[in-house]
Amino acid sequence: MTRGLAVSADAIFQRCIHPTCGGTAAMDDTSFACPKCGGLLDVAYDWNRLQPPTSLTWFERKWAERSDPLHFSGVWRFRELLPFAPPEKIMTIGEGQTILQKADIVGQFVGLNPGCLFLQYEGMNPSGSFKDNGMTAAFTHARMVGANRAACASTGNTSASLAVYCSATGLMRAVIFIGSGKISYGKLAQALDHGALTVQIAGDFDDAMQRVQQVSKKLGIYLVNSVNPYRLEGQKTIMYRILEAMRWEVPDWIVVPGGNLGNVSSFGKAFIELMELGLIKRPPRLAVINAAGANTFYQLYERFGLRWNNGAPKKDVVDGYFRSLDVEKIRAATIASAIEINHPVNLNKALRALDRCGGVVREASDQEILDAKAKVGAGGLGCEPASAASVAGAKKLRREGIIAPSDRVVCILTGHQLKDPTATIAYHSTDQKTFDDVLGHRGVRRATYANRAVQVPNELDDIIKAIELYS
Ligand code: F0G
């Protein structure tokens with residue numbers, strides 16, 4: 001049975017997230033800003049006309065039809081919950097084959113009972129990060145509106161993902177904006193290898209983000225950053241796959257690193273819609289973890305008490321905060337380069353998500369992030385520094401008693417370990433200079449869980465002795 005596939009343009013449109021504004025835009029509009037107030041837009045559905053499924057177990061029937069690429073994709077097998085694209089327009093490269101792994105060793109580090117910590121490993125995507133969930137959706141929309149160039153600003157993963165989709169399909173030219181010296185080698189390598197036009201600007205991600213919005217508008221290039229609400233539609237499916245892996249039971253907590261705040265926004269929308277459709281009874285709680293060196297969301301939410309406030313977050317609080325960053329010349333700075341962002345574009349959507357899902361925000365220092373990362377690695381899954389912020393944050397919330405030892409907690413591992421080997425090697429290095437050069441100036445003092453290489457002369461006896469001693 002096929003449901004929800006007839007795309008009727010007026011049943012799908014874009015709508016301002018602020019309920020009192022009422023601004024809307026057509027499904028094919030690519031300005032990605034409310035025409036009335038300039039705010040963020042959602043992709044909105046008139047569910048009454050789209051026939052969504054009446055139970056989540058309904059999706060299981062697609063497992064038997066994995067030879068169909070739209071059922072194989074971990075994004076599009078849920079397409080009745082993101083029904084904006086006609087099947088023939090969908091661009092999939094097999095994204096979303098990711099796993100939810102029970103992780104007791106890491107769970108012990110976090111302070112949870114056995115069987116309570118789960119890691120959602122998004123590093124298994126074709127480009128090695130969660131971004132592919134969103135990119136397949138944005139790319140599909142770009143194709144629906146006839147775009148032939150797509151652009152993004154990136155700390156590395158969005159650009160890698162865009163480069164992969166453009167090169168794999170040959171349908172579009174990728175134009176990527178990166179800050180100078182701000183991108184890890186693994187991610188830069190991907191952009192270059194996959195043939196993206198790479199524009200390295202003298203500035204950081206926040207500068208690049210501003211520029212790419214200006215340039216896309218001027219040149220009519222399709223923008224794939226997470227201000228694009230179609231991208232967030234794809235990222236909702238990370239939550240569907242978690243529910244699926246938990247046999248459709250809702251966990252107590254979803255913990256996610258926060259940068260531009262696209263992920264948490266899409267997770268919130270996923271749960272708000274599942275509630276509206278009567279497909280779940282309660283949402284999980286959401287925890288967003290900033291790096292301490294890029295902690296705008298933490299400051300605004302936890303220190304200044306900024307809230308969604310029925311769609312009217314206090315603008316003077318936000319403006320005042322950003323003014324103080326400018327006056328004090330504070331730029332984002334963290335070893336977790338993927339989330340080195342001080343001006344998150346999805347701030348208001350993230351506030352809505354936390355409002356509806358009982359959210360909290362915490363910050364984790366670079367020391368805490370790297371220690372958590374080493375524990376995640378020792379527990380069997382390799383992630384990049386930003387991803388480990390989720391585990392570091394869960395540990396903190398557990399210590400504070402906000403997460404209980406028996407809560408079922410899912411930490412999102414957003415990107416693969418090999419994205420950023422520099423930080424990993426420095427952490428485990430026997431060489432103090434390597435450690436200091438990469439980590440020392442960031443306040444990282446110890447490699448608490450380092451697994452150091454053993455240096456031995458090239459002599460059989462010495463090698464055997466060393467193995468006997470250390471194994
Ligand atoms: N984790 C990783 C590995 C990321 O690459 C990003 C964002 C995040 C977490 C934060 O997610 O922005 O949805 O809050 N990377 C973007 C990029 C900014 O350009 O690749 P978010």
Side-chain angles (χ1 to χ4, degrees), residues 120-125 127-135 138 151-164 174 176-179 182-184 186-188 190-191 196 198 204-209 212 223-229 231-232 234-236 238-239 254-269 286-291 294-298 332 334-347 349-350 353-354 361 364 369 373 376 382-393 411-420 423:
Q120 173 68 15
Y121 189 43
E122 290 297 315
M124 289 171 72
N125 274 295
S127 80
S129 86
F130 73 92
K131 302 284 181 182
D132 297 348
N133 295 286
M135 200 54 67
C152 68
S154 185
T155 55
N157 279 327
T158 307
S159 49
S161 181
L162 176 61
V164 164
I176 67 168
F177 285 56
I178 56 175
K182 293 288 186 183
I183 177 171
S184 73
K187 300 172 192 177
L188 181 57
Q190 287 179 289
T198 304
D204 63 11
F205 174 83
D206 293 319
D207 299 318
M209 188 67 226
V212 77
L223 186 65
V224 297
N225 277 106
S226 53
V227 284
N228 176 335
R231 235 198 67 196
L232 300 191
Q235 287 170 219
K236 292 189 308 191
I238 302 171
M239 295 301 105
I254 301 284
V255 190
V256 62
N260 232 356
L261 304 178
N263 253 344
V264 64
S265 300
S266 71
F267 299 172
K269 186 170 190 277
L286 293 178
V288 178
I289 315 301
N290 272 163
N295 64 354
T296 290
F297 197 38
Y298 173 71
T334 167
I335 191 72
S337 59
I339 52 174
E340 197 177 56
I341 297 171
N342 261 351
H343 289 258
V345 295
N346 288 298
L347 176 64
K349 274 190 184 172
L354 296 200
V361 187
I369 288 173
K373 187 177 110 54
V376 169
C383 71
E384 64 170 288
S387 310
S390 61
V391 173
C411 290
I412 313 297
L413 297 183
T414 45
H416 198 282
Q417 176 186 43
L418 299 179
K419 290 280 191 175
D420 186 2

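First listed ligand is number 1; within each ligand, the first listed atom is number 1.
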Trace of the side chain to side chain contact (heavy atoms under 4.5 Å, CB included) decision for Arg231 with Thr158: CA-CA 11 Å; Arg231 235 198 67 196; Thr158 307; 3.5 Å; yes
Please check if any side-chain donor atom of Thr414 sits under 3.5 Å from a side-chain acceptor atom of Ser129, or the reverse. no
First locate atom OG of Ser184, then atom CD1 of Ile335, and finally report the distance between them rounded to the nearest 0.5 Å. 10.0 Å
Would you give me the side-chain donor-acceptor pairs under 3.5 Å for residues 256-268, sequence neighbours excluded?
from   : atom 1 : to     : atom 2 : distance (Å)
Asn260 : OD1    : Val345 : N      : 2.9
Asn263 : OD1    : Gln235 : NE2    : 2.9
Ser265 : OG     : Leu261 : O      : 2.6
Ser265 : OG     : Ala350 : N      : 3.3
Ser266 : OG     : Asn263 : O      : 2.8

Considering heavy atoms of the protein only, find what lies nearest to atom 12 (O) of ligand 1 and give residue, atom and distance to 0.1 Å. Asn260 N, 2.7 Å
Closest non-hydrogen protein atom to atom 20 (O) of ligand 1, residue and atom name please, with distance? Thr158 N, 2.8 Å
At what distance is the nearest protein heavy atom to atom 5 (O) of ligand 1, and which residue and atom is it? Asn157 ND2, 2.8 Å
Atom 6 (C) of ligand 1 - nearest protein heavy atom and its distance: Phe130 CE2, 3.7 Å
With rounding to the nearest 0.5 angstrom, report the CG to OG1 distance, Leu188 to Thr198. 7.0 Å
Have a look at Leu261, Leu413, Val288 and point out the one with the heavy atom closest to atom 21 (P) of ligand 1. Leu261
Look up atom CG in Asn157 and atom OG in Ser387, then write down how far apart they are to the nearest 0.5 Å. 8.0 Å
Can you tell me which residue and heavy atom of the protein come closest to atom 4 (C) of ligand 1, and the distance to 0.1 Å? Ala338 CB, 3.5 Å
Which residue and heavy atom of the protein sit nearest atom 13 (O) of ligand 1, plus the separation: Asn263 N, 2.8 Å
For atom 2 (C) of ligand 1, grab the closest protein heavy atom and report residue, atom and distance to one decimal in Å. Thr414 OG1, 3.4 Å
Among all protein non-hydrogen atoms, which one is nearest to atom 16 (C) of ligand 1, and what is the separation to 0.1 Å? Lys131 NZ, 2.8 Å
Separation between NZ (Lys187) and CD1 (Ile178), nearest 0.5 Å, reads 11.5 Å
Under 3.5 Å, is there a donor-acceptor pair between the side chain of Glu340 and the main chain of Thr334? yes
Counting from 1, what ligand 1 atoms have a heavy atom of Gly262 closer than 4.0 Å? 13 (O), 14 (O), 21 (P)
Is there a side-chain contact between Leu354 and Leu286 (heavy atoms, below 4.5 Å)? yes
So for ligand 1, is Glu384 a polar contact partner (N or O within less than 3.5 Å, distance only)? no
Would you say the side chain of Gln190 lies within less than 4.5 Å of the side chain of Lys419, judging by non-hydrogen atoms? yes
Where's the contact between Asn346 and ligand 1, heavy-atom distance under 4.0 Å: side chain, backbone, both or neither? neither
Just jot down the ligand 1 atoms closer than 4.0 angstrom to any heavy atom of Gly258, in number order. 14 (O)
Please round to the nearest 0.5 Å and tell me the distance separating atom CG of Leu413 and atom CE of Met124. 12.0 Å
Between Gln235 and ligand 1, which residue portion shows a heavy-atom distance shorter than 4.0 Å: side chain, backbone, both, or neither? neither
Side chain, backbone, both or neither: which applies to Ile339 and ligand 1 if a contact is any heavy-atom pair less than 4.0 Å apart? side chain
Those atoms of ligand 1 less than 4.0 Å from some heavy atom in Ile341: 18 (C)
Going by the order shown, which atoms of ligand 1 are within less than 4.0 Å of some heavy atom of Ser154? 17 (C), 19 (O), 20 (O)
